Enquirer: 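Let me begin by handing over the structure; questions about it come next.
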Protein chains: 2
Amino acid sequence: MGRTSDARERLLQSAIDLIWTNSYAAVGVDQICERAGVKKGSFYHFFPSKTELALAAYDAHWESIQPHLDAIFSPLVPPLERIERWCHALYEHQKELYDRYGCVCGCPYANVGTELGTRDDRIRARVGDYFDRFQRYLESALRDLTAEGITLSAGVKVTAQSILSCELGLLVRAKVANDPEVLRELMPSVLRLLAVAPSSPTISTP
Amino acid sequence: MGRTSDARERLLQSAIDLIWTNSYAAVGVDQICERAGVKKGSFYHFFPSKTELALAAYDAHWESIQPHLDAIFSPLVPPLERIERWCHALYEHQKELYDRYGCVCGCPYANVGTELGTRDDRIRARVGDYFDRFQRYLESALRDLTAEGITLSAGVKVTAQSILSCELGLLVRAKVANDPEVLRELMPSVLRLLAVAPSSPTISTP
DNA sequence: GAAATAGTTGACCGATCGGTACAGTTGAAC
DNA sequence: GTTCAACTGTACCGATCGGTCAACTATTTC
């Protein structure tokens, strides 16, 4: 009973878009509503506060990218190629945002994590969850890599953490330089972290 | 002629402290004034805008840490030990802030760079300058390392970029996890990036 | 078709934002 | 000791912030 609406979904999408390309504090509730074509009264019908909207929006965003991560890190793909695919997809995604908005947007989770990390424990912890989830993709690939007989220069978990750190830092540098090409350094850096010799310029296929 | 005052310096210090432990947008001009014990009228006597204050504050902050960086990266210190000292100082500094404020604050430059990167070109470019400056310390150490006959797994510049990325990403992860101990991973990651075997648990002294 | 519920609307709130105006006070230079 | 610029204090500005509220409309269920 009662009417139905997709206003909630539009609000989630607007929130991610605006916060990603600006920042949490720089985007107001009014602005999110206007982009979503929703009046303020409706906003507070769906969400009790701006913070709750943000949490819901980031959950929705993760759910939207998870299938892509599942595909990129498919166990059917050779483990090193999974990581190479991910590096490439990361660059392409940021390049696309750069072409559309004129600026490197960086990692949406890291952005809000650094902005609100010291002020909102719930958002901080949630961002940490996303990092952990993503790290598991890396760990799985690294375990499969060792199963192929390749010896890492450190443990699987520690190596995955280093790769994640390197990625996050590279996204910061790319954003600050406003140059997506900075992200091309990712795969070479990963290879050096693995202490695996960079074999051929193309993806190594059997 | 006219009277003198250290209100300007107090404002610069307050701005760094507050923005570092919170965020740029979360800290108001009133708040900065109150902490500095300065009235708003005086604020706008010294600075034409909040943005100008931020730029001046970050310049002042860099000037305050540069002597420490000069000491840590002294050419009289063995190059690998310079980097090890830096990793240690970074941890100690963040730990100190954590003990004082109860939260990991991360890199002040990267924080404001990610927050305002897409909205204020001047601040973004300035943060890029600080990154470049710091990278030169690393490059110098790496060049001296190669002069000792040690071969890096990649070029000096690229390696320095990777180390910087790893540091920035680690600071993001430490902030999001609100755990300074995350930063202990820095030196091991750096060693893997250098492809130098981690020799002894203590600093290698001649 | 009546009732109940889900969603919409626009006016409105107090607080705070960055910034302004300007008279008043101080101290160094001469 | 006068002068003048440097600094301080206070009151105030319009805009915007996140959030509230009650009346209203549409839709589904029975």
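A quick note: this is a predicted structure, and the numbers were derived from the prediction, not measured. To find a chain, count down the sequence lines: A is the first, B the second, and so on, and within it residues start at 1.
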Enquirer: Establish, with yes or no, whether the OP1 or OP2 oxygen of D:dT8 is under 4.0 angstrom from a side-chain nitrogen or oxygen of B:Ser5.
Expert: yes

Enquirer: Can you measure B:Gln31 atom CD to C:dG18 atom P for me and round it to whole angstrom units?
Expert: 9 Å

Enquirer: Charged N to carboxylate O below 4.0 Å: is that the case for B:Arg124 and B:Asp120?
Expert: no

Enquirer: How many Å lie between NZ on A:Lys50 and P on C:dT16, as a whole number?
Expert: 16 Å

Enquirer: Could you check whether A:Arg184 pairs with A:Glu181 (Lys NZ or Arg NE/NH1/NH2 to Asp/Glu carboxylate O, under 4.0 Å)?
Expert: yes

Enquirer: Select from B:Ala26 and B:Thr4 the residue whose nearest nucleotide in DNA chain C is closer to the 5' end of that strand.
Expert: B:Ala26

Enquirer: If I take atom CD in residue A:Glu34 and atom P in nucleotide C:dT8, what distance separates them, rounded to the nearest angstrom?
Expert: 17 Å

Enquirer: What nucleotide among D:dA6, D:dT25, D:dG18 has an atom nearest to a side-chain atom of B:Arg3?
Expert: D:dA6

Enquirer: A:Gln135 and A:Glu139: side-chain donor and acceptor closer than 3.5 Å?
Expert: yes

Enquirer: Send over the distance from A:Arg10 CZ to C:dT8 C1', rounded to a whole Å.
Expert: 11 Å

Enquirer: Write down the distance between CZ (B:Phe43) and P (D:dT8), rounded to a whole number of angstrom.
Expert: 13 Å

Enquirer: Considering just the side-chain nitrogens and oxygens of B:Ser42, establish if one lies under 4.0 Å of OP1 or OP2 belonging to D:dT8.
Expert: yes

Enquirer: Classify the side-chain pair A:Tyr137/A:Asp70 by whether it contains a donor and acceptor separated by less than 3.5 Å.
Expert: yes

Enquirer: Side-chain donor or acceptor of B:Lys40 under 3.5 Å from a matching atom on the base of D:dG9?
Expert: no

Enquirer: Which nucleotide sits closest to the side chain of A:Asp30: D:dC17, C:dG18, C:dT8?
Expert: D:dC17

Enquirer: Side-chain N or O of A:Lys39 less than 4.0 angstrom from OP1 or OP2 on C:dT8?
Expert: no

Enquirer: Could you tell me whether A:Asp59 and A:Arg126 make a salt bridge, using a distance below 4.0 angstrom between a side-chain N and a carboxylate O?
Expert: yes

Enquirer: Taking only the side-chain heavy atoms of B:Tyr44 (C-beta and beyond), determine which of D:dT8, C:dG18, C:dT8 contains the nearest atom.
Expert: C:dG18

Enquirer: Please report, rounded to the nearest Å, how far the C1' atom of C:dG18 is from the CD1 atom of B:Ile32.
Expert: 11 Å

Enquirer: Using a heavy-atom cut-off of under 4.0 Å over every strand shown, decide if A:Gly28 touches base, sugar-phosphate, or nothing.
Expert: sugar-phosphate

Enquirer: Take the protein atom CG of A:Leu53 and the nucleotide atom P of D:dG19, then report the distance between them rounded to whole Å.
Expert: 10 Å

Enquirer: How many whole angstroms separate atom CZ of A:Phe47 from atom P of C:dT8?
Expert: 12 Å

